[in-house]
Number of protein chains: 2
Amino acid sequence: MNIGDVAARSGLPAKTIRYYEDIGLVRPQRDPNGYRAFREQDLHKLAFLGRARGLGFSIEDCRNLLHLYEDETRTSAEVKDIAQHHLDEIDEKIANLREMRDTLSDLVRCCAGDERPDCPILESLGSAPGKA
Amino acid sequence: MNIGDVAARSGLPAKTIRYYEDIGLVRPQRDPNGYRAFREQDLHKLAFLGRARGLGFSIEDCRNLLHLYEDETRTSAEVKDIAQHHLDEIDEKIANLREMRDTLSDLVRCCAGDERPDCPILESLGSAPGKA
DNA sequence: ATAAGGGTTCCAGCAACTGGAAGGTCAAGA
DNA sequence: TCTTGACCTTCCAGTTGCTGGAACCCTTAT
């Protein structure tokens, strides 16, 4: 399989696949003409990576998860640990975003959005964090 | 005011303030010795930027908001537009993260997290996206 | 005189790609 | 046979918003 096929079948852009090879996540063989030659297992790995990235795991997490995936002697505790950690981070991000959104939507709601210059959004940004 | 004072009073790291000057968000004067000399209005601008960044606005949004802040002929509609746009993006991010979290927390919940190798998390990453 | 604690510049690096340039390879059509 | 087009290759630069570090200057106190 050439990179184009793998891209189509994995859903990952060819650029990304090359990048993943660059950082050592996959090691496709090479045809005599220099083209990358992917086997089914490479494709499988890439699909794994695509799904892990889709869940927001960092590349380093992905690398570790992949190692565990291929390590018969892994323990599910190791995997769960990574996942739980990531889950906590996601929760934190959500909490942050929610706070931003709450503040921001208040401001947006209070702003007339007309042709006049008065604007509670700018007023809020312009002065001390008076909560509202 | 030297940069250290402004950092303390604005809550922004000195590095960040230099960076903001670099990209043209503030233009402090200079003392004869080369030190940046901030006036109250520079501090005010930086505090504005800090708050806008704290609400997640991009640097470019911040730049535009700052222009509007200083433009007496602005309309609140322009401001609201930027803010609403940003709000939409935040909502989208939250939705994405929530979906990740839901999937991930299901997987984490199903994983024994013990010394055995069987792991629903890896199984899920390893095969087609069978929803659960 | 010197040491501490400011300040300055510039360069590199982070994450995770993405875009583009310059060029090699291959299969098919005129 | 030549050429066209769609592939593929590498390498370099840019993205976002800083952050760390090196190497150096300025000021004040001891």
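Order of the sequence lines sets the chain letters (A, B, ...), proteins ahead of strands, with each chain counted from 1.
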Ignoring hydrogens and angles, tell me if any N or O in the side chain of A:Asn2 forms a donor-acceptor pair with the backbone of A:Gly4 under 3.5 Å. no
Short question: side chain of B:Thr16, backbone of B:Leu12 - any donor-acceptor pair under 3.5 Å? no
Atom pair CZ (A:Phe48) and OG (B:Ser127), whose distance is rounded to the nearest 0.5 Å: 10.0 Å
Any side chain to side chain donor-acceptor pair (under 3.5 Å) pairs touching residues 26-35 of chain A, not counting sequence neighbours? A:Glu21-A:Arg30
Mind checking salt bridge (charged side-chain N to carboxylate O under 4.0 Å, His left out) for B:Arg39 and listing every partner two or more places apart, or none if nothing turns up? B:Asp42
In short, the helix from C:dA1-D:dT30 to C:dA30-D:dT1 is bent end to end, axes from five pairs each side, to 10°, by 40°
Taken to the nearest 0.5 Å, the spacing of A:Ile82 CD1 from B:Ile121 CD1 works out to 9.0 Å
Checking A:Ser76 side chain against B:Pro117 main chain: does a donor-acceptor pair fall under 3.5 Å? no
Find the distance B:Asp22:CG to D:dT19:P and express it as a whole number of Å. 14 Å
Please, which pairs that meet ring-ring contact (aromatic ring centres under 6.0 Å, His included) have at least one residue in residues 9-30 of chain B, sequence neighbours excluded? none
Provide the full list of side chain to side chain donor-acceptor pair (under 3.5 Å) pairs with a residue in residues 81-92 of chain B, sequence neighbours left out, each pair given once. A:Arg101-B:Asp91, B:Gln84-B:Asp88
Give me each pair satisfying ring-ring contact (aromatic ring centres under 6.0 Å, His included) with a member in residues 94-119 of chain A, each pair once, sequence neighbours excluded. none
Where along residues 57-68 of chain B does a heavy atom fall under 4.0 Å from DNA chain D? B:Ser58, B:Ile59
Do the side-chain N or O atoms of B:Thr16 get closer than 4.0 angstrom to the phosphate oxygens (OP1, OP2) of D:dT19? yes
Which residue pairs pass the salt bridge (Lys or Arg N to Asp or Glu O under 4.0 Å) test when at least one of the two sits in residues 54-67 of chain B, sequence neighbours left out? B:Glu60-B:Arg63
For DNA chain C, which residues of residues 81-92 of chain A approach it to below 4.0 angstrom with any heavy atom? none
Electrostatic pair B:Arg109:B:Asp106 at N-O distance under 4.0 angstrom: yes
Going 5' to 3' along DNA chain C, which are the first and last nucleotides with any atom under 4.0 Å from a heavy atom of chain A? C:dA16 to C:dC26
First locate atom CG of B:Leu97, then atom CD1 of B:Ile90, and finally report the distance between them rounded to the nearest 0.5 Å. 11.5 Å
Between B:Glu78 (side chain only) and B:Thr75 (backbone N and O only), is there a donor and an acceptor less than 3.5 Å apart? yes
In short, salt bridge (Lys or Arg N to Asp or Glu O under 4.0 Å) pairs touching residues 5-19 of chain B with sequence neighbours left out are B:Arg9-B:Glu40
Anything under 3.5 Å between a protein N or O and an N or O of nucleotides 5-11 of chain D, put it in a table, one pair a line.
| unit_1 | atom_1 | unit_2 | atom_2 | d |
| --- | --- | --- | --- | --- |
| D:dC7 | O2 | A:Tyr35 | OH | 3.4 |
| D:dC8 | OP1 | A:Gly4 | N | 2.6 |
| D:dT9 | OP1 | A:Arg36 | N | 2.8 |
| D:dT9 | OP1 | A:Arg36 | NH1 | 2.7 |
| D:dT9 | OP2 | A:Arg18 | NE | 3.1 |
| D:dT9 | OP2 | A:Arg18 | NH2 | 3.1 |
| D:dT9 | OP2 | A:Arg36 | NH1 | 3.1 |
| D:dT9 | O5' | A:Arg36 | NH1 | 3.3 |
| D:dT10 | OP1 | A:Arg30 | NH1 | 3.3 |
| D:dT10 | OP1 | A:Arg30 | NH2 | 3.3 |
| D:dT10 | OP2 | A:Arg36 | NH1 | 3.3 |
| D:dT10 | OP2 | A:Arg36 | NH2 | 2.7 |

